[in-house]
Amino acid sequence: MKTLLHIWRQWLRWRKDWDALCNCCGKCCYARTVGDDGEVTICYKSPCEYLDPETQRCTVYRERFRVCSHCGKVGLFTAMFNPTLPNDCPYRLTFRPWENS
């Protein structure tokens, strides 16, 4: 119950400015795999074609879901359960308190 309360409070805090939670590291713009141990491996040789490697920013950010077929929206469900989010992703850290215990 404590975990659900934490998630609910965080959702209320961030829902109106969801993108502000992102630290703009660009890691989600690279190919990622999850090992048998649950560890996320990022292939830095395979960035999204729209990622500016110098700034780590998306060059088509406002249109990213329309322009890029493999760009996925990070919603609450993704933040809580998608195994490919990097371990230090703020969405993962905020909405998976059971991993931080």
Side-chain angles (χ1 to χ4, degrees):
M1 189 64 150
K2 185 177 180 182
T3 298
L4 290 176
L5 185 58
H6 168 84
I7 292 168
W8 177 248
R9 286 181 177 154
Q10 291 302 319
W11 170 247
L12 291 174
R13 176 180 176 196
W14 292 104
R15 67 187 171 134
K16 290 184 181 174
D17 199 13
W18 187 253
D19 288 343
L21 189 54
C22 178
N23 65 1
C24 301
C25 69
K27 291 178 184 177
C28 61
C29 298
Y30 290 90
R32 299 175 310 275
T33 58
V34 180
D36 292 337
D37 60 355
E39 197 67 29
V40 178
T41 301
I42 302 168
C43 180
Y44 289 104
K45 294 179 183 178
S46 300
C48 172
E49 63 185 296
Y50 301 108
L51 180 68
D52 179 334
E54 288 185 28
T55 64
Q56 295 298 334
R57 301 287 179 138
C58 178
T59 60
V60 295
Y61 186 79
R62 291 185 191 260
E63 295 86 33
R64 67 194 183 279
F65 302 125
R66 183 179 56 77
V67 174
C68 184
S69 63
H70 53 271
C71 186
K73 185 173 178 78
V74 177
L76 181 58
F77 188 83
T78 300
M80 290 175 66
F81 301 111
N82 187 316
T84 65
L85 286 180
N87 295 338
D88 59 348
C89 173
Y91 293 103
R92 183 175 183 150
L93 293 171
T94 301
F95 292 100
R96 298 185 196 180
W98 59 88
E99 292 184 347
N100 305 323
S101 306

Chemist: Could you list the residues that satisfy side chain to side chain contact (heavy atoms under 4.5 Å, CB included) with Leu93, not counting sequence neighbours?
Modeler: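 With neighbours one apart ignored, the set is Asn100.
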Chemist: For residues 43-67, pull every pair meeting salt bridge (charged side-chain N to carboxylate O under 4.0 Å, His left out), keeping only residues two or more places apart or in separate chains.
Modeler: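 Non-adjacent pairs meeting salt bridge (charged side-chain N to carboxylate O under 4.0 Å, His left out): zero.
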Chemist: According to side chain to side chain donor-acceptor pair (under 3.5 Å), who are the partners of Arg32, at least two apart in sequence or on a separate chain?
Modeler: Thr84
Chemist: Could I get the full list of side chain to side chain donor-acceptor pair (under 3.5 Å) partners for Asp19, not counting sequence neighbours?
Modeler: Tyr61
Chemist: Show every donor-acceptor pair shorter than 3.5 Å between a side-chain atom in residues 33-44 and any protein atom, with sequence neighbours excluded, or say none if there are none.
Modeler:
| unit_1 | atom_1 | unit_2 | atom_2 | d |
| --- | --- | --- | --- | --- |
| Asp37 | OD1 | Glu39 | N | 3.0 |
| Glu39 | OE2 | Asn87 | ND2 | 2.7 |

Chemist: Clusters formed by hydrophobic residues whose side-chain heavy atoms approach within less than 4.5 Å: which one holds Phe65, and what are its other members?
Modeler: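 Noted: Phe65 shares its cluster with no other residue.
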Chemist: Taking all non-hydrogen atoms of both residues into account, name the closest pair between Trp98 and Met80 and its distance.
Modeler: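 The pair with the smallest heavy-atom distance is CZ2-O, 3.4 Å.
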Chemist: Just verifying a value: how many Å separate Arg96 CZ and Cys89 SG, rounded to the nearest 0.5 Å?
Modeler: 8.0 Å
Chemist: Provide the closest heavy-atom pair for Pro97 versus His6 in the form atom of the first, atom of the second, distance.
Modeler: CG-CD2, 3.4 Å
Chemist: Filter on salt bridge (charged side-chain N to carboxylate O under 4.0 Å, His left out), then keep only pairs touching residues 75-90, sequence neighbours left out; what's left?
Modeler: Lys27-Asp88
Chemist: Please find the pair of heavy atoms, one from His70 and one from Cys48, that lie closest to each other, and give the distance.
Modeler: NE2-SG, 3.7 Å
Chemist: Got a sec, which residues hit side chain to side chain contact (heavy atoms under 4.5 Å, CB included) with Cys22, two or more places apart in sequence or on another chain?
Modeler: Cys24, Tyr91
Chemist: Tell me whether Val74 is reachable from Tyr30 by hopping between hydrophobic residues (I, L, V, M, F, W, Y) whose side-chain heavy atoms are closer than 4.5 Å.
Modeler: no
Chemist: Identify the two heavy atoms, one from Trp18 and one from Leu76, that lie closest to each other, and give their separation to 0.1 Å.
Modeler: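 Residues Trp18 and Leu76, closest heavy atoms: CZ2-N, 3.9 Å.
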Chemist: Taking a hydrophobic cluster as the set of Ile, Leu, Val, Met, Phe, Trp and Tyr residues connected by side-chain heavy atoms closer than 4.5 Å, whether directly or through intermediates, do Leu51 and Val67 fall within one such cluster?
Modeler: no
